[in-house]
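Read the structure below first, then the notes.
Predicted model only: the values in this text are computed from it and were never measured. Basis for what follows: all heavy atoms, side chains included, without hydrogens, waters or symmetry-related copies.
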Amino acid sequence: MSLPTMVLFCTSSLVVAQTEQRVFEAAYFNQFAPQTALEMVVRLPGFVLREADEDRGLSQGGTNVLINEQPIIGKGEAATQQISQIAAASVERIEVLDAGALDLPGFNGLVANVITRQTSVSGAFEWQPQWRRNNEPTLLNGTANLSGSRGALDFSAALNSTQVRASFIGPETLEDVDGDVFERRQERLFIIGNQPTLSGSVNWTLPDDRVLNAKAAVTQLDLERPQDSVSAAVTSRGFDGSNLAVFRQQRRNYRLDADYRFPAFGGALKVITFASRTDNQAATRLTIDSTAEGPIANRRFREDSVQQERIVRFEQNWDRAHSWQLALEGATNALDLDTVFEVFDPLLLTTVISTSAASTRITESRAELTVAHRRALTDHLDLQVSIGGETSTLEQGAVRRRFDRPKGFVSLNFTPDDDWTISARATRDVGQINFRDFAANVSLIEEITTENNPALKPDQSWLMTLRGERRFSAGHVASLSVSHERIRDLVDRIPLGESGDAIGNIDDARRDEVNAVVTLVGAPFGLPGARFDLRGRWQRSALTDPIEGCERDIGHLITQDLQAEFRHDVAGTPWSYGFTAQQLEIAPRYQSTLVQFRNVPGGGLTPGQNTVFVEHKDWFGLRVRATLSEFVGQYSKLTRTIYDGRRDVAQIDRVERRRRDLDGPYVSLSVGKTF
């Protein structure tokens, strides 16, 4: 449904004026029997939930979800985490707004505003076991959450448990430059993972238009990936034997963020803080046995790291005839990394023959200042402008570098009538480096060594986006966006020295992207309660390969992502059924001595992208869903072309072709209830 409105929230930073707003009351979602606010948001027609990125600081915008007219502060999966803690029974309605008409700098496209009602305590739980052919069942998958209010205090808490038990089995062939097979392998990869997350949030509304929000989360990951391979020689060049590589990881992440808004300087001042810490321990051990000679190799690469981030941001907002925001942000990032490469005696497994160890500390301090302004140029045209810049300093050992860079955006939002929204945006942005990319790394499984590169620097880009959305009276929604990005200092693989390879910068690159979303409702076609969602994303890119000088894609870029979802809630019954499907295409990854192409013709990079389900919404008071996944023989394939030196001067040494079954079909069960 759609509802033209003129709304003014006087006690909030959110202002919607003379624009179209769509309001979805809680009853709209009853057909889906949602357990949480997250399940309601993902059912909004034509709306795609966008998480805040893990990039540079908190900045402006981020996720495209509000809770009670307030932005969700945080990084990564902050939006998913917080709205999944809100029980569906606590949601009064969800408003879908045009970001260009909001007094919230940085938001673009559609924004979902989740309005909650005051309740004492409500909650939900969902148990999600899974059964696979080659693995033990995962019986500890599930979520539980509580939310409620006591006076001016709203609170929520959630416990999420994720288990992964997966296997990927299939053959691999090794070919020489003439295409003749000289070795065949049969490989198996198993993934065994457990990841519980405990999170909570509070919202305290105080007198005199003061509001305090705080969130905290702790996540523990325990992961093991054993991979074994049995090789059979076809010619004298091939190898007869086996190898076993075992990767183990333990990681714990802590996150805490808070914001406090209060009247100040004739407007409202918001103080935002964010802190995170990740402790990580990982190790890979590789052993190789020859049929003729017995054990011939035993190696281990391990790393211990601590990564920390601290951010403080001040936002001063003035909402008068036109809105203004002055924002100042300061941040520090640090990575302490210790790595050890050990070679053991193949026969005496605990005897170390050689050791190579390294320690590094990488830090960044950054300050950012922006001024943002929004005004309505006409009844149907809104303008947003943000101008600012940042200064940052990167330090690694004795290397110290400073960068001063402008940033900002200009955005126009045009709503000619209640059915159309058209927006255009130009953004100047600065990227964030993954600090792990600075340091050397060894992949024993892929036989790849990444060298240390202290010269790595953040990329910069100009991004231009044009977006249009059309809403139809029957309930259908269609949107299309196109964007063009010019990138300086792109972070990608580069050659280092005569034969080395590292993460580094490529001077110039461009990327074009098209996103299309179509939602069709079934009632006009004689199928009430049905809904069909189609989403497509296409990306094309170009850069000059730093080795061969030819034009190629950005490495490992998703060039195509097609998704289809159908759901039919059968009228007059508690039954639903439907399916999901996805098709991905990915650009090759280019390194100094190899080109690697990975694709999944029949499904996603991870299992579970192609499913059919049947659901009963009230089975003795429970919502029960059974899902069958990867049932049409999906597989992944990888091709690696390996040279005997740098690609520009060397010949092809061998080509490895691998195909692995995605462990389907498998069955999942979901049993949930709200209270």
Side-chain angles (χ1 to χ4, degrees), residues 1 3 7 9 11-12 14 21-45 47 49 51 63-74 77-97 111-128 142-161 197-206 211-217 257-259 261 569 617-618 621-623 625 670-675:
M1 61 180 293
L3 178 64
V7 182
F9 298 100
T11 60
S12 166
L14 176 63
Q21 172 182 270
R22 287 177 291 156
V23 179
F24 297 86
E25 301 291 344
Y28 171 85
F29 303 96
N30 288 345
Q31 60 180 319
F32 307 117
Q35 308 293 302
T36 67
L38 175 62
E39 294 186 29
M40 302 169 79
V41 168
V42 298
R43 292 298 173 193
L44 293 168
F47 182 81
L49 174 63
E51 294 285 7
T63 182
N64 58 345
V65 178
L66 311 174
I67 298 179
N68 294 323
E69 304 144 19
Q70 297 299 312
I72 296 177
I73 304 300
E77 297 182 350
T80 295
Q81 190 175 85
Q82 188 162 351
I83 60 180
S84 68
Q85 295 173 8
I86 302 173
S90 298
V91 177
E92 181 176 308
R93 66 184 185 275
I94 300 179
E95 304 163 349
V96 178
L97 311 169
V111 176
N113 181 27
V114 180
I115 303 297
T116 62
R117 62 169 65 94
Q118 294 286 325
T119 61
S120 54
V121 175
S122 60
F125 72 86
E126 186 171 15
W127 180 47
Q128 301 167 310
T143 62
N145 66 72
L146 285 172
S147 61
S149 304
R150 183 176 293 274
L153 182 68
D154 297 334
F155 58 89
S156 66
L159 175 63
N160 177 274
S161 174
T197 299
L198 179 63
S199 58
S201 66
V202 295
N203 172 271
W204 192 10
T205 302
L206 301 166
V211 179
L212 173 66
N213 295 286
K215 304 191 299 290
D257 58 79
D259 61 89
R261 194 191 75 223
D569 295 275
K617 301 169 196 173
D618 190 12
L622 301 171
R623 186 189 70 177
R625 180 193 301 128
S670 171
V671 180
K673 182 178 177 61
T674 60
F675 56 88

Study note, to complete from the structure: When every non-hydrogen atom of F675 is compared with those of A124, the smallest separation belongs to CE2-N, 3.6 Å
Check your understanding: Where do S149 and F155 come nearest, in terms of heavy atoms and distance?
Key -> N-CE2, 3.7 Å
Review point. Distance-only, no hydrogens or angles: does the E69 side chain make a donor-acceptor pair with backbone N or O of I67 under 3.5 Å?
Key: no
Check your understanding: Between F29 and P34, which heavy-atom pair has the shortest distance, and what is it?
Key -> O-CD, 3.1 Å
**Study point:** CG-CG distance between L198 and L159, expressed to the nearest 0.5 angstrom
**Key:** 6.0 Å
Practice item. Verify, without hydrogens or angle tests, whether N68 (side chain) and T116 (backbone) share a donor-acceptor contact under 3.5 angstrom. Key: yes
Point to revise | Student check: side-chain heavy atoms of V111 and N113 closer than 4.5 Å | key: no
Review point. Of I83, N64, T36, which meets side chain to side chain contact (heavy atoms under 4.5 Å, CB included) against V41?
Key: I83
Point to revise | Between OG1 on residue T674 and CZ on residue F125, distance to nearest 0.5 Å | key: 9.5 Å
Exercise for review: Apply the side chain to side chain contact (heavy atoms under 4.5 Å, CB included) test between I94 and each candidate in L66, V65, L44; give the one that qualifies.
Suggested key: L44
Exercise for review: Indicate yes or no: at least one non-hydrogen side-chain atom of K215 is less than 4.5 angstrom from one of S199.
Suggested key: no
Check your understanding: Passes side-chain contact (heavy atoms from CB on, under 4.5 Å), Q85 versus L38? Steps please.
Key -> CA-CA 8 Å; Q85 295 173 8; L38 175 62; over 6 Å; no
Exercise for review: Take E126 and R623, measure what side-chain contact (heavy atoms from CB on, under 4.5 Å) needs, and give me the verdict at the end.
Suggested key: CA-CA 9 Å; E126 186 171 15; R623 186 189 70 177; 3.2 Å; yes
Study note, to complete from the structure: For A26 and R117, the nearest pair of non-hydrogen atoms, with its separation, is CB-NH2, 4.2 Å
Review point. Closest approach of V23 and R93, non-hydrogen atoms and distance?
Key: CG1-CD, 3.7 Å
Review point. Any luck finding a side-chain donor-acceptor pair between S147 and D154 under 3.5 Å?
Key: no
Review point. Checking side-chain hydrogen bond (donor to acceptor under 3.5 Å, both in side chains) for the pair S156/S201: CA distance, chi angles, key distance, verdict?
Key: CA-CA 5 Å; S156 66; S201 66; 2.6 Å; yes
Practice item. Go through the side-chain N and O atoms of T143 and N160 and say whether any donor and acceptor fall under 3.5 Å apart. Key: no
**Study point:** Whether F32 and Y28 hold their rings parallel, tilted or perpendicular, with breakpoints at 30° and 60°
**Key:** perpendicular
Review point. Once you round to the nearest 0.5 Å, how far does CG of L153 lie from CG of L206?
Key: 9.5 Å
Review point. Is there a side-chain contact between V114 and M40 (heavy atoms, below 4.5 Å)?
Key: no
